[in-house]
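What follows is a set of notes on a single structure, which appears directly below.
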Amino acid sequence: EAQVTQNPRYLITVTGKKLTVTCSQNMNHEYMSWYRQDPGLGLRQIYYSMNVEVTDKGDVPEGYKVSRKEKRNFPLILESPSPNQTSLYFCASRQFNQPQHFGDGTRLSIL
Amino acid sequence: DQQVKQNSPSLSVQEGRISILNCDYTNSMFDYFLWYKKYPAEGPTFLISISSIKDKNEDGRFTVFLNKSAKHLSLHIVPSQPGDSAVYFCAASERGYQKVTFGTGTKLQVIP
């Protein structure tokens with residue numbers, strides 16, 4: 001089954017404790033993105049990647065890092081999480097000129 | 001600066017009637033528009049799209065209309081069904097999907 005898999009689905013952690021949210025897709029898609037969803041703000045892009053070792057900032061990249069060492073994986077790294085990064089995060093992938101496929105989301109709470 | 005706006009946070013419609021969800025955009029460089037549907041605890045799923053060279057695209061019960069002069073698009077669902085109850089996101093992109101900008105979403109409730 002074609003899918004985008006995010007882990008963990010839920011995480012409660014504390015300020016400053018590094019965390020990684022993993023994202024994996026099995027569709028051989030070139031493009032991958034990370035979004036965060038906040039009330040009243042919709043989905044905002046954090047980072048995106050057009051291929052292996054090619055990443056770029058989206059609209060709200062501050063406080064986040066990403067890497068794309070393999071085509072299927074695109075982890076989101078929070079080196080020093082802060083409470084304003086409490087949000088619902090979505091990973092997405094797509095093939096060129098096709099709509100995005102989204103994962104089921106990761107709800108992060110940073111205390 | 002919100003380039004894609006959905007001014008109605010919520011909408012309630014009776015089953016069998018038409019649902020109309022609206023979206024406005026400000027960036028005249030947008031040339032592709034999409035609608036996504038999102039159920040609770042799931043990621044958004046693609047619903048329907050339209051290119052700026054068209055003014056209408058239809059897929060079953062779903063039709064998207066684009067008015068370029070007004071920078072406005074709408075999604076019509078006819079007839080509405082309870083399973084259509086979800087949050088609908090409007091999205092727009094330029095240069096063929098290179099960057100997608102999403103609206104804030106409209107929560108549709110279809111009442112049986």
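As the structure is a computational prediction, the values presented were derived from the model and not from experiment. All chains are named by letter (A, B, ...) in the order of the sequence lines, taking the proteins before the strands, and each is independently numbered beginning at 1.
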Problem set entry | Single-linkage hydrophobic cluster B:W35~B:L11, side-chain heavy atoms < 4.5 angstrom | yes
Problem set entry | Hphob cluster co-occupancy, B:F62 + B:V13, side-chain heavy atoms under 4.5 angstrom | yes
Exercise. Okay, side chain of A:R107, backbone of B:A41: is any donor-acceptor separation there less than 3.5 Å?
Worked result: no
Exercise. How about B:R17: does its CZ atom have over 12 heavy atoms from other parts shown lying under 6.0 Å from it?
Worked result: no
Problem set entry | chain B contact residues among residues 35-44 of chain A, heavy-atom distance under 4.5 Å | A:Y35, A:Q37, A:G40, A:L41, A:G42, A:L43
For this session: Consider only side-chain heavy atoms of I, L, V, M, F, W and Y, link residues closer than 4.5 Å, and tell whether B:F30 and B:Y88 are in one cluster.
Result: yes
For this session: Report yes or no: do A:I46 and B:F102 belong to one cluster of Ile/Leu/Val/Met/Phe/Trp/Tyr joined by side chain heavy-atom distances under 4.5 Å?
Result: no
Exercise. Considering all heavy atoms of both residues, which atom of B:K38 and which atom of A:F90 are nearest to each other, and what is their separation?
Worked result: CE-CZ, 3.3 Å
Exercise. Counting only heavy atoms not in B:K107, do more than 12 sit closer than 6.0 Å to its NZ atom?
Worked result: no
Exercise. Would you call A:Q45 and B:V100 a side-chain contact if the rule is heavy atoms closer than 4.5 Å?
Worked result: no
Problem set entry | Cluster link A:L11 to A:L76, ILVMFWY, side chain under 4.5 Å | yes
For this session: Taking the six-membered ring for Trp and the full ring for Phe, Tyr or His, determine whether the centres of A:F102 and B:F46 are under 6.0 Å apart.
Result: no
Exercise. Within a reach of under 6.0 Å around CD1 of A:I12, are more than 12 heavy atoms found that belong to other residues, nucleotides or ligands?
Worked result: no
